[in-house]
Amino acid sequence: MLPPTGAGVVVVGASVSGLHAAEALRDADYAGPVTVLDADPGPPCDRPPLSKQLLSGAWTREQALLRDADALAGRGIEVRHGVRALGLDAASSTLDTSAGTLPYDGLVVATGAVARGLPGVGARPGLYTLRTPADCLALRADLEDGAALVIIGAGFIGMEVAATARGLGAAVTVVDPLAVPMQAVLGRDTGLALQRLHTNHGVAFRLGRSVQVVHGASRVEVVELDDGSAVRADAVLVGIGARPATDWLTGAGLDVSSGLQCDQYLAAGPRIAGAGDVVDWYNPRYEQRMRVEHWTNAAEQGAHAARNLLLAPGDRIPVDLVPYFWSDQYDVRIQFGGVVGDVVRVVPAGDVDRPERRVVLTGREGVLTSVLAVGADRPFVRARRMLRRATPMDEAEKVIRALLSTDLVSTDPGRAGAASCLPGNRLAVDAVVPPADSS
Ligand SMILES: Cc1cc2nc3c(=O)[nH]c(=O)nc-3n(C[C@H](O)[C@H](O)[C@H](O)COP(=O)(O)OP(=O)(O)OC[C@H]3O[C@@H](n4cnc5c(N)ncnc54)[C@H](O)[C@@H]3O)c2cc1C
């Protein structure tokens, strides 16, 4: 329990998880000061548009902002931009920051993740990772019509950028040591189907290959691969994942061995909670620890972490979230929910014009544990509900087959889940299920 007033709650990180945490404190009638610090100088920008609408130019930077500054101020939430947390002294409940020492009654660590760079390849103009609006706008400026973009890493961010860059007229080559794009999450068949979608849009792949050297002194010029071949590059995007932003917690006495270790209540220490991409927590729903790097998880965790921070230990609520993400590539929405089981059933839509359309169900001991939907928004809405209760695989498959046979391809990104990336959208913890279908 926190004192109602005093030093207040400090949230480190003003992105999805941090802002949801701050707002949840006010929703729970917490009356003390709420201060949110962020190392970034500008107002908080949402990250999904960085590979989509902001990169394509469909949205301005203002449209990609997470929150309206006045609305936050109106709720008594002070956001301090350009202030970096440098260290934590849990014994005295103080933070060392770039703007001086800051005491707290409660602390929410929401520092997210940092994009990984390519080992052994030094920074230079034209070489990008994608995590901030500044990264996005600089990359966009390099993607003039006909520019050659090499994307290193065929994961979700890499493949979203490939789709957006093709829309801008760039020549795109994707390099990955694995044989199939996005295979780790989508599986081989669906990964291959999406590879065909990208190939049909003119993306070139160099799969099963690694980068040896990035040539070019004053800016990137050529990417040399491990078979000795060379790919010309006006710009290079490195999309090889992210690591939790815990450097500043070194020596603070918290376990940051692989992300900030939190219990099932998202507690990391006395009056310290964690939320979002930085957190590795025990998810009681699956009886396993997990670190999830997706928007909805960050939003949900932010709110749960803040609520639990205000409660006495015996009253805290276990945080048993069902992981969820979406990805938009061309006019296809990919959605995934749950945790992959050991039995896989692929339900193709049978759409000859859109062979990638399908729903993939996985389960364990006959019960549905995950759903992947490609270009199948309406079935996914139903499947996501089924994931929340112990639905037999056979029943789930029957429902999905029926829905898929009548579903039309949704090209409307507002249909399901997209609400979460709309500017200024505020996600209530109990309202994360996309809008119910009308059937
Ligand atoms: C290009 C891109 C596209 C994405 N697209 C999707 C998508 O389509 N669907 C999906 O589900 N997810 C997507 N994601 C993932 C989603 O955006 C993240 O899961 C989400 O942003 C995590 O939020 P967070 O609050 O945990 O951390 P972050 O968004 O990483 O924010 C952490 C904040 O903490 C600040 N910070 C870090 N260290 C310090 C410090 N020491 N002191 C002060 N401040 C600090 C940072 O400046 C940052 O603002 C995408 C991510 C990226 C990068």
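Both ligands and their constituent atoms are indexed starting at 1 by order of listing.
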Could you please provide the protein residues found below 4.0 Å of ligand 1 on a heavy-atom basis, arranged by chain and number? V12, G13, S15, V16, S17, D38, A39, D40, R47, P48, L50, S51, K52, V83, R84, A85, A110, T111, G112, A113, L130, R131, I157, E160, W248, G276, D277, E293, H294, W295, A298, F325, W326

Applying side chain to side chain contact (heavy atoms under 4.5 Å, CB included), can you list everything that pairs with T94, at least two apart in sequence or on another chain? D89, S92, T101, P103

Can you list every pair that meets ring pair (Phe, Tyr, Trp, His ring centres under 6.0 Å) and has a residue in residues 156-197, with sequence neighbours left out? F156-F325

Hey, what's the ring geometry for H201 with Y330, parallel, tilted or perpendicular (30° and 60° as the breaks)? parallel

Side chain to side chain contact (heavy atoms under 4.5 Å, CB included) with I157: which residues, sequence neighbours excluded? L130, V161

Which atom of E356 lies closest to which atom of L197, heavy atoms considered: OE2-CD1, 4.0 Å

Distance check, rounded to the nearest 0.5 Å: L260 atom CG versus D277 atom CG? 12.5 Å

